[in-house]
Amino acid sequence: MILRKKLIAGNWKMNKTPTDGVALVAELVTAIGKQTDVDVLVCPPFTGLESAGKALEGSTLKLGAQNMHFEANGAFTGEVSAPMLRALFATHVILGHSERRALFGEQDAFINKKVLAALKNQLRPILCVGETLAEREGGIALKVVQTQLEAGLEGVGKDQASTVIVAYEPVWAIGTGKVATTDQAQEVHAFIRGLLVKLYGDSIAQKVRILYGGSMKPANAPELLSQKDIDGGLIGGAALEARSFVDLVKAAAAVK
Ligand code: PEP
């Protein structure tokens with residue numbers, strides 16, 4: 001029995017004006033806006049959320065943000081909150097992306113507050129975890145992933161755990177063209193699933209989707225997506241063009 005529908009999520013990062021974003025969404029809607037085999041999510045920058053949300057109205061595409069603050073409002077210059085994202089009809093939010101961790105100093109406890117705030121506001125968090133090259137070469141990849149996962153999910157109860165999405169993104173594979181081998185990726189995904197079993201029990205752990213992220217492309221997606229514990233992809237570069245993103249959705253739909 002298939003418990004988990006595949007999810008292909010596009011992280012546009014700091015790319016595309018609202019106009020460019022609407023053009024991309026329009027192409028996606030035409031190509032894959034009616035299919036229901038795979039969940040498809042686009043995550044524009046904050047400035048493009050409203051217009052992208054309008055452009056995907058009436059389609060099966062979903063809208064997500066790339067970050068948020070954990071407070072609902074207040075003196076946090078430059079920040080955006082969960083209720084603000086909900087007001088634009090976002091349903092998902094990427095949290096703890098490695099670029100947020102490395103470039104903006106985000107740490108596990110801070111990310112955890114965001115995860116809890118997202119859930120409180122009916123936003124599905126996509127919690128990103130993953131090791132650097134030095135950590136992998138030092139033999140501590142699994143330990144790093146475990147720490148990030150457990151700290152990120154601190155205080156998330158059994159009633160909400162299955163709405164969380166985890167993204168395993170080896171930092172050395174993001175935007176580098178170096179993809180983790182299917183064995184490397186499946187090993188970490190199975191490890192994450194095992195940690196979720198310990199935290200929440202088997203039936204909940206089997207419902208949590210674990211995405212792979214890191215230079216996923218139409219050419220390498222079929223093999224990655226056919227792994228037992230890889231439930232979709234968090235896509236950076238290949239999400240910026242309709243053709244490659246649509247091909248990734250088709251690759252996910254083709255996996256039996
Ligand atoms: C990402 O940033 O989440 C990502 C996976 O990027 P890319 O696909 O470009 O490696």
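Values reported hereafter were calculated over all heavy atoms of this structure, with side chains retained and with hydrogens, waters and symmetry mates removed. Ligands are counted one by one from 1 in listed order, and the atoms in each one are counted from 1 as well.
When each atom of ligand 1 is checked for a heavy atom of Ala173 under 4.0 Å away, the hits are 10 (O). Atoms of ligand 1 found under 4.0 Å from any heavy atom of Gly175, numbered from 1 in the order shown, are 7 (P), 9 (O), 10 (O). Every atom of ligand 1 is numbered from 1 in the order shown, and the set under 4.0 Å from a heavy atom of Gly213 is 5 (C). Of all atoms in ligand 1, listed by their number and element, those nearer than 4.0 Å to a heavy atom of Asn11 are 2 (O), 3 (O). The Gly237 neighbourhood of ligand 1 comprises atoms 7 (P), 8 (O), 9 (O), with distances under 4.0 Å to a heavy atom of that residue. Counting atoms of ligand 1 from 1 in the listed order, those under 4.0 Å from a heavy atom of Gly214 are 5 (C), 10 (O).
Heavy atoms of Lys13 approach ligand 1 to within less than 4.0 angstrom.
Summarising the geometry of Asp108 relative to Ala151, their closest heavy-atom pair is CB-CB, 3.5 Å, with the distance given to 0.1 Å. Across Ile204 and Ser162, no two heavy atoms sit closer than the pair CG2-N, 4.1 Å.
The side chain to side chain donor-acceptor pair (under 3.5 Å) search around Thr163 returns none, not counting sequence neighbours. Listed by chain and residue number, nothing satisfies the side chain to side chain donor-acceptor pair (under 3.5 Å) test with Lys6 (two or more places apart in sequence, or in another chain).
With a 4.0 Å heavy-atom cut-off, ligand 1 is reached by the backbone of Ile174 and by its side chain too.
Thr182 and Glu223 form a side-chain donor-acceptor contact under 3.5 Å, judged by distance and modelled atom types alone. For Tyr168 and Glu131, the side-chain atoms include at least one donor-acceptor pair closer than 3.5 Å.
Between Phe70 and Phe110, the angle of the ring planes goes over 60°, which puts this pair in the perpendicular group of the 30/60° scheme.
At the top of the distance list for atom 8 (O) of ligand 1, counting protein heavy atoms only, stands Gly236 N, 2.8 Å. Remark: minimum distance from atom 3 (O) of ligand 1 to any protein heavy atom is reached at Glu169 OE2, 2.7 Å. Counting protein heavy atoms only, atom 1 (C) of ligand 1 is closest to His97 NE2, 3.3 Å.
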Going through the distances and angles, do Arg124 and Thr91 end up as a side chain to side chain contact (heavy atoms under 4.5 Å, CB included)? CA-CA 6 Å; Arg124 300 185 77 151; Thr91 51; 5.9 Å; no
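For ligand 1, none of its N or O atoms has an N or O atom of Thr176 under 3.5 Å away.
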